[in-house]
Chemist: 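I'd like to ask you about the structure that follows.
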Amino acid sequence: MPDTTTTSAVSSAATAVLPGRAAAPGTDRDRTVRIALIVLGLSAAAAAPFVLYPVFVMKVLCFALFACAFNLLIGYAGLLSFGHAAFFGGAAYVTAHAAKVWGLDPALSILLGTGFAGLLGLVFGALAIRRQGIYFAMITLALSQMIFFLALQMPFTGGEDGIQGVPRGMLFGVIDLNRPLAMYYFVLAVFLAGFVLIWRTVHSPFGQVLKAIRENEARAVSLGYRTERYKLLAFVLSAALAGMAGGTKALVFQLASLTDVTWQMSGEVVLMTLLGGMGTLLGPVVGAAFVVMLGNYLAATSLPVPVVIGAIFVVCVLVFRRGIVGELAHRLRSRPSRDR
Amino acid sequence: MPDAAMLEIVDLHAFYGESHVLHGIGLEVRQGEVVTLLGRNGAGKTTTLRAVMGIVGKRTGSIRLRGTELIGMAQHRVARLGIGYVPEERGIFSSLSVDENLTLPPVVKPGGMTLAQIHELFPNLAGRGSTQGTRLSGGEQQMLAVARILRTGADLILLDEPTEGLAPVIIEQIGRAVRALKRRGFTILMVEQNFRFAATIADRHYVMEEGHVVDMIPNDRLAENTGKLHAYLGV
Amino acid sequence: MVTLFGIPAQALFGQLLLGLINGSFYALLSLGLAVIFGMLNVINFAHGAFYMVGAFTAWLMLQHLGIGYWPALLLAPLVVGLLGIVLEKTMLSRLYKLDHLYGLLLTFGVALMLEGGFRHWFGVSGMPYPIPAELRGGQNLGFMFLPNYRGWVVIASLVVCLGTWYAIERTRLGAYLRAATENPVLVQAFGINVPVMVTATYGFGVALAGLAGVLAAPIYQVNPLMGSNLIVIVFAVVVIGGMGSILGAIVTGLGLGLLEGLTKVVYPEASSIVVFVIMAIVLLIKPAGLFGRER
């Protein structure tokens with residue numbers, strides 16, 4: 001059962017970083033345990049391609065980064081973007097085009113995709129933050145639908161076919177990414193870079209201000225913070241990282257297609273985050289792994305995928321709003337508090 | 001039967017979420033009486049009225065209207081027993097005209113006042129029917145808030161700070177209206193900060209402090225209790 | 001051939017008519033969204049799916065029960081409304097005390113389930129629904145040919161929209177609705193059963209979507225995905241118009257439909273994104289929407 005191994009690898013990583021979320025200063029023992037768990041998680045990730053299909057793990061990593069990027073907005077700034085597919089899929093097109101037509105280095109191609117997504121995020125964000133809450137969600141959704149139509153109609157995106165046969169290329173001119181292991185460690189490196197950036201952001205003073213805005217925007221304004229700027233910056237960062245995930249995915253599958261810019265894709269990343277746990281660092285990773293695995297499993301059955309995904313959505317919203325990691329963290333946290 | 005308790009509250013606790021606001025209060029209002037709840041801000045007066053209407057988080061204890069227990073009853077059925085509620089800040093709807101505001105609360109019992117009688121009691125409201133509700137002055141909005149429940153046939157009226165923020169002339173007018181209602185046989189439980197206003201109308205006063213009823217003073221014994229009352233109210 | 005601004009008049013009016021029809025559906029759908037949002041504070045993502053279910057109900061009734069267009073015009077919205085009532089009672093009503101975003105997420109899940117389910121059973125190819133015999137043929141208006149059914153759709157939508165506006169703004173029941181939108185607690189304290197009103201409002205709102213679905217069935221083919229792209233455009237319409245005003249929703253819907261039709265003639269490539277571009281412009285100039293007030 002290869003699937004179980006991934007889950008345990010991912011969830012061991014989950015427990016590794018979770019205690020870090022608690023603001024309370026950890027004891028030396030906590031610290032040792034945490035470092036041990038991080039090492040364990042990293043070794044599990046390093047060993048994963050020997051136990052599982054590398055493409056499967058890479059898919060998980062790409063979606064995990066996508067979901068982490070999305071979670072930066074919903075979980076830490078309280079902004080529900082329903083249009084993140086535009087950044088993910090848009091960057092995939094740009095990366096694919098750069099690698100295939102321009103023949104650029106894979107890292108540079110991904111960087112271009114990331115930059116494109118960041119710019120797009122700047123435009124979308126500037127428009128969407130003019131409204132709040134539910135309107136914010138509708139605006140991001142509508143704007144991303146515009147990208148969908150553009151992708152459908154513009155000549156360079158290949159319409160319904162997408163951009164196929166994207167070469168993975170030679171990383172920095174020396175590492176051949178057509179070798180599965182090389183590609184895997186490259187994707188892992190991209191994921192870790194994105195993840196660490198998000199982790200640092202969340203724990204930075206900037207992250208604290210975001211959380212303050214999420215809790216009570218009016219109060220943050222009265223404290224003198226220009227909340228619009230913080231929200232916009234968070235939006236751009238989230239969009240760029242979603243783009244990094246999308247660009248990487250285009251290289252992994254050697255394909256950029258319409259699927260990645262649909263609003264259903266935007267919904268899927270919401271589900272990954274909700275299911276794993278909004279506002280937890282590792283929730284989106286767990287949620288992404290779960291949803292990707294579920295997709296693989298359902299593909300082999302006759303069950304209609306959207307119905308199952310929709311049903312999970314409904315169940316999560318009704319009875320499981322903390323998500324998997326959020327629920328675990330809640331249980332771990334509430335135990336000692338009962339002794340007080 | 002002027003002595004029968006119309007509204008009887010026993011050991012009432014009320015909560016908003018986690019916060020415990022009323023701590024076992026007890027009071028009664030007899031048929032035809034005007035009773036006020038006095039006390040400082042945050043003493044639990046408004047919460048007492050809201051608890052009767054069922055619009056607090058959680059309640060325990062007993063609230064009986066003519067023997068019928070209100071705790072546990074569906075919120076919309078409370079008014080149907082004949083209770084009219086005039087909330088603090090008046091609760092006039094801005095998306096409704098004056099007439100729509102006036103006729104919004106459904107008739108719950110026969111014997112309510114007709115529109116003509118209401119306009120006689122509050123002449124300011126006559127001829128303003130199509131005005132947007134919140135375009136009225138504060139005093140007129142207060143009159144409208146009282147007027148709209150007189151139509152319904154409710155015979156117990158819960159009045160939350162009818163004089164708040166109003167000019168003395170208007171307070172005078174509201175006072176006349178409340179006395180007229182008393183003469184018509186309405187029973188009134190009223191929250192009031194304005195103690196001098198209360199003294200001109202009420203039969204009895206309950207004093208509340210931090211979620212408890214700490215005293216009851218009949219209006220005719222007010223003079224001898226003035227000092228005590230000033231201490232309670234901190235005036 | 002007669003031309004206007006260098007465009008064949010026939011083509012121009014044909015596209016404008018199509019735009020007007022699309023606009024009628026935008027109006028019906030955004031009206032329902034606005035009514036639901038006012039009362040429940042929920043953005044009903046399943047609105048497009050209910051539109052599709054309305055069309056399918058009519059189609060299924062015709063195929064399997066031999067029930068024709070005219071009864072379906074009444075029965076299908078009823079079925080959709082009942083479905084909505086069940087959804088509100090069993091699920092949505094548990095979410096009112098939480099962040100409004102959860103309502104959006106829940107109805108998103110429901111939309112996926114409905115669309116996925118119908119797609120699973122009926123495939124993605126469209127099923128034709130015949131135009132009722134009474135409305136076949138058309139009128140030659142001189143400058144253009146007007147198919148009777150299309151004229152009927154525009155008129156029927158307008159009548160339903162204006163009827164809804166009248167019911168909300170001018171009747172006693174509408175006064176209850178407006179008051180409960182403003183201050184549900186007080187309306188409840190006056191002895192009105194607000195939870196029942198909330199349920200009925202949701203049922204009515206989605207029934208409007210179901211009605212739009214039946215009206216659409218003979219024009220577009222009946223297809224499980226017919227609502228999924230429409231709902232996103234309707235969201236943009238709602239952002240443009242703002243949800244504060246019923247009349248605003250109707251006017252915005254019709255106007256944007258017409259504009260879309262016009263774009264199809266002038267610059268067809270942009271017709272699928274013109275609504276989104278307008279939304280971006282409105283957000284820059286008047287963030288609360290053309291008829292909106294911030295809430």
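The chains referred to below are lettered A, B, ... by the order of the sequence lines, with proteins before strands, and numbering in each begins at 1. Because only heavy atoms are used, hydrogens play no part in the values below, and waters and symmetry mates are left out as well, while side chains stay in.
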Chemist: Please say whether more than 12 non-hydrogen atoms of neighbouring residues, nucleotides or ligands are located less than 6.0 Å from CG in L284(C).
Modeler: yes

Chemist: Please round to the nearest 0.5 Å and tell me the distance separating atom CZ of R178(C) and atom OG of S97(B).
Modeler: 7.5 Å

Chemist: Identify which part of L158(B) has an atom lying under 4.5 Å from any heavy atom of chain C, answering side chain, backbone, both or neither.
Modeler: neither

Chemist: Just so I understand: if I count every heavy-atom pair under 4.5 Å between each of G84(B), A79(B), G133(B) and chain C, which residue has the most?
Modeler: A79(B)

Chemist: At a 4.5 Å cut-off on heavy atoms, which part of I55(B) comes close to chain C: side chain, backbone, both, or neither?
Modeler: side chain

Chemist: Which residue out of M53(B), R50(B), R148(B) racks up the most heavy-atom pairs below 4.5 Å with chain C?
Modeler: R148(B)

Chemist: Which atom names give the shortest non-hydrogen contact between S95(B) and E182(C), and what distance separates them?
Modeler: OG-OE1, 2.6 Å

Chemist: Could you check whether E100(B) pairs with R172(C) (Lys NZ or Arg NE/NH1/NH2 to Asp/Glu carboxylate O, under 4.0 Å)?
Modeler: no

Chemist: Would H76(B) and V194(C) count as a side-chain contact (heavy atoms from CB on, under 4.5 Å) if you check the C-alpha gap in whole Å, the side-chain angles of each, and the deciding distance to 0.1 Å?
Modeler: CA-CA 8 Å; H76(B) 66 274; V194(C) 173; over 6 Å; no

Chemist: So with a 6.0 Å cut-off around OH of Y16(B), is the heavy-atom count from everything else above 12?
Modeler: yes

Chemist: Please classify the contact of I149(B) with chain C as side chain, backbone, both or neither, using a heavy-atom distance under 4.5 Å.
Modeler: side chain

Chemist: Should we count CZ of R77(B) as having more than 12 external heavy atoms under 6.0 Å?
Modeler: no

Chemist: Mind checking the CG-OH spacing from L96(B) to Y176(C)? Nearest 0.5 Å is all I need.
Modeler: 10.5 Å

Chemist: Would you find more than 12 non-hydrogen atoms of other residues, nucleotides or ligands less than 6.0 Å from K58(B) atom NZ?
Modeler: no

Chemist: Determine, stepwise, if the pair Y85(B) / L186(C) fulfils side-chain contact (heavy atoms from CB on, under 4.5 Å).
Modeler: CA-CA 9 Å; Y85(B) 177 50; L186(C) 185 56; 3.9 Å; yes

Chemist: Checking T103(B) against chain C: side chain, backbone, both or neither under 4.5 Å from a heavy atom?
Modeler: both

Chemist: Tell me if the CD atom of Q117(B) is crowded by more than 12 foreign heavy atoms within 6.0 Å.
Modeler: yes

Chemist: Test your reading of the model: is there a side-chain donor-acceptor pair from Q75(B) to the backbone of A189(C), 3.5 Å cut-off?
Modeler: no

Chemist: Just so I know, are the side chains of P106(B) and I192(C) near enough to count as touching, which here means a heavy-atom distance under 4.5 Å?
Modeler: yes

Chemist: Locate the shortest heavy-atom distance separating A179(C) from L104(B); write the atom from each residue and the value.
Modeler: CB-CD2, 3.8 Å

Chemist: Could you tell me whether R135(B) atom CZ has more than 12 heavy atoms of other residues or ligands within 6.0 Å of it?
Modeler: no

